[in-house]
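Letters A, B, ... are given to chains in the order of the sequence lines, protein chains preceding strands, and every chain is numbered from 1. From a predicted model like this one, the values you see are computed outputs, not experimental measurements.
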2 protein chains.
Amino acid sequence: MANIQQIAKRAGVSVATVSRVLNNSNSVSSKTRSKVEEAIQELKYAPSMLGRNLRNSESRLLLVLLPSISNPFYSEIINGIQNTAIANDYHILLCETDSKPERENIYFNMVKNKLADGVISMDPTINMKKLNELYEEHPIILCSEYEEGGCIPYVTVDSELAAYQAVKHLIKLGNERIALITSDEKFLYARQRRAGYERALEEFGLPVRENLIYHTKGLDFQNGVHAMRVLLQEDNKPTAVFAVSDTLAIGALKVINMESTTPIAVVGFDNISFSSMTNPTLTTVSQPMYNMGCHAVEMLISSIKGVKVENIVLEHELIIRESTMI
Amino acid sequence: MANIQQIAKRAGVSVATVSRVLNNSNSVSSKTRSKVEEAIQELKYAPSMLGRNLRNSESRLLLVLLPSISNPFYSEIINGIQNTAIANDYHILLCETDSKPERENIYFNMVKNKLADGVISMDPTINMKKLNELYEEHPIILCSEYEEGGCIPYVTVDSELAAYQAVKHLIKLGNERIALITSDEKFLYARQRRAGYERALEEFGLPVRENLIYHTKGLDFQNGVHAMRVLLQEDNKPTAVFAVSDTLAIGALKVINMESTTPIAVVGFDNISFSSMTNPTLTTVSQPMYNMGCHAVEMLISSIKGVKVENIVLEHELIIRESTMI
DNA sequence: AATCTAATTGTAATCGATTACATTTATGTA
DNA sequence: TACATAAATGTAATCGATTACAATTAGATT
């Protein structure tokens, strides 16, 4: 594979001139420019990013951290990230942590080793202490999950408000015993969504019953199945369920379909693509995932350029489908 | 951020020695080694991949091409790819083509520009002519979809046999009118799965009815919905359906649930995680996706090292669930 | 034609590592 | 102690681009 020297030689110019053509600097006469372009064609030359990156001390790669790629919630965000990155001549390194700390180290090192110019973290399980440490030296943006009062910039939605609206919707439909399927409250979003749930109940004078609040060990379908089974054991069964994620809600839906004698309304959170394919289709809170990804990249690129960025809170929307039309 | 020179100075040695410590070459005395390690600690040094990569003319990045990240079929493959890559000190660049040719060019250029050392393509819609051209200069492995009689090495499953077994299972259950929901036959897997479908029918003396074969425009849930609606218009409705992907099958399932007066058995293909969450759960062909990913990376790394690799055909398995237990 | 300015092109340093080869130091042997 | 050999370390070239600065050329002005 040819390098810039060979192009220079072939075109009878210096490497500087070739470089100028490559970066279309304006101070090249059209005559020499075409000589160089011809040489590039003839030798099928493609400039090496390795040389360029070293010289510019940048990799033009962005690290994207997420707990698991199979969680469909992230798919749309990644789409937004990918498109925005490419539009800005960046590429992304998608990294699953699987919530394993040893993975984290590998990924953090990629940044320290200059393999990536910055990080977008979407992983709620990430080690915030280490991330903050990394932030002292490298640009980072948090996407979706963030640290309250922390200093790393974030883009997110108002989870508390969204949960409040979702539960209010269930109450307006006449439900008084509304269960909450949520995850570990070490996660900010879980605390916020629970707060919204409670605010709605309180506003309508309904009691917050601890036995209607189930904490799952994870966000998988199976966790939703298990949660719903437990909730159906209650003497006074719930008439509706709000789950903090669609995958949990879909698990609950399955159990309701199979095992419940009475209909139970369900609301999820995220509006993953499968939520419109379930039976019944799922009422859920839609986050502007694609946009969230776009904003995250724009913020990160700004940070890389040294521009200070502001946090962004995007709008959500309650999508009403069959699961609350019983 | 410190560089190797500063470490050398601090430790009172030459850069060569520092480099030897970094790459734990054995010809360093333990005394100097600890001096160097101390300096590394003190200055919080992390070697730059930019310098190393240029010198070694490698990026240790692998390009992974897939049509769409939201298709859950790829999630597990990517898991396998990711883990195997990391185990070999590589990282992956996940790239969605969205089946857009202009994207292809961007990605192919990443390889030509040495940003990636090789390619794993899982995209059935990829431009094979260009890919073969790229293959002349760079290592490539095809994963899942491949080119019959082509020269690019691949890892895949026996689609024809799997389809044959799936349809045979439906026949054994007593079904005689079995529909096929398949995609465009420009894809090899579609041709192979149709061939398996026909072989099973013929073996049991059943006619291949063109009006029971529906070709979809894509692989989404909605395509399955539409296909099933059309099939239900037939005077002689099918009693069973074989779909060439789970997402299509899940779409069909939805329509059957809502609109069919008689039960219809359904078999899918891929065993995506959602196939065990549907209602009823879906009988499907399980491909060893994780393993496929692992093999693809191993083959690619071998190719990068200049070792010639053999094609691999992995075992599949028919997973019987509720959708064929009616 | 002589001079000045602007446009174009070239030279060489630089980014941060690795490594072949040269040199120094340590170790063993007679 | 002197010498041979092995181990440890250092010197400097190299990978392939970019770019500040210098040098050249072209064009304008008188």
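- Tyr189(A) and Ser183(A) form a side-chain donor-acceptor contact under 3.5 Å, judged by distance and modelled atom types alone.
- Within the nucleic acid shown, Val18(B) has no heavy atom closer than 4.0 Å to any nucleic acid atom.
- Rounded to whole Å, the distance from CD1 on Ile4(B) to P on dT14(C) is 18 Å.
- Residue contacts for Asn53(B): at a heavy-atom cut-off of 4.0 Å it reaches no nucleic acid atom on any strand shown.
- Taking atom CD of residue Glu58(B) and atom P of nucleotide dA17(C), one finds them 15 Å apart after rounding to whole Å.
- Neither OP1 nor OP2 of dG16(C) sits under 4.0 Å from any side-chain N or O of Ser48(B).
- Of the candidate nucleotides dA17(D), dT8(C), dA17(C), dA17(D) has the atom lying nearest to any side-chain atom of Asn3(A).
- Picking from dA17(C), dA8(D), dT18(C) the nucleotide with the shortest atom distance to the side chain of Tyr45(B) gives dA17(C).
- Rounded to whole Å, the distance from CG on Asn56(A) to P on dC15(D) is 19 Å.
- Between Glu145(A) and Thr156(A) there is no side-chain heavy-atom pair separated by less than 4.5 Å.
- If you measure from atom CZ of Arg52(B) to atom P of dC15(D), you get 19 Å, rounded to the nearest angstrom.
- Taking atom CG on Leu54(B) and atom P on dA13(D), their separation rounds to 17 Å, with Å as the unit.
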Q | Stepwise side chain to side chain donor-acceptor pair (under 3.5 Å) check, Glu76(B) with Asn79(B) | A | CA-CA 5 Å; Glu76(B) 262 305 290; Asn79(B) 265 321; 3.1 Å; yes
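- Contact between the side-chain N/O atoms of Thr17(A) and the OP1/OP2 oxygens of dG10(C) is found at a separation under 4.0 Å.
- At whole-Å resolution of the value, CD in Gln5(A) and P in dA13(D) are 16 Å apart.
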(Q) Could you go through Thr125(B) and Asp123(B), starting from their C-alpha distance and side-chain angles, then the distance that decides it, and tell me whether this counts as side chain to side chain donor-acceptor pair (under 3.5 Å)? (A) CA-CA 5 Å; Thr125(B) 68; Asp123(B) 187 358; 2.7 Å; yes
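- A sub-4.0 Å separation between OP1 or OP2 of dG16(D) and a side-chain N or O of Ser57(B) is absent.
- A straight line from CZ of Arg55(B) to P of dC15(D) spans 8 Å, rounded to a whole angstrom.
- The residue among Arg20(B) and Gly51(B) whose nearest nucleotide of DNA chain C lies closer to the 5′ end is Gly51(B).
- Among the protein residues, Ser19(A) comes within range of the nucleic acid bases, having at least one heavy atom under 4.0 Å from a base atom.
- Remark: the Lys114(A) side chain and the Asn53(A) side chain contain no N/O donor-acceptor pair separated by less than 3.5 Å.
- Each of Lys114(B) and Thr32(B) was matched to the nucleotide of DNA chain D holding its nearest heavy atom; the match closer to the 5' end belongs to Thr32(B).
- Leu115(B) has its CG atom 13 Å from the P atom of dA17(D), to the nearest Å.
- Residue Ser27(A) is classed as a base contact, given a heavy-atom separation below 4.0 Å to a base.
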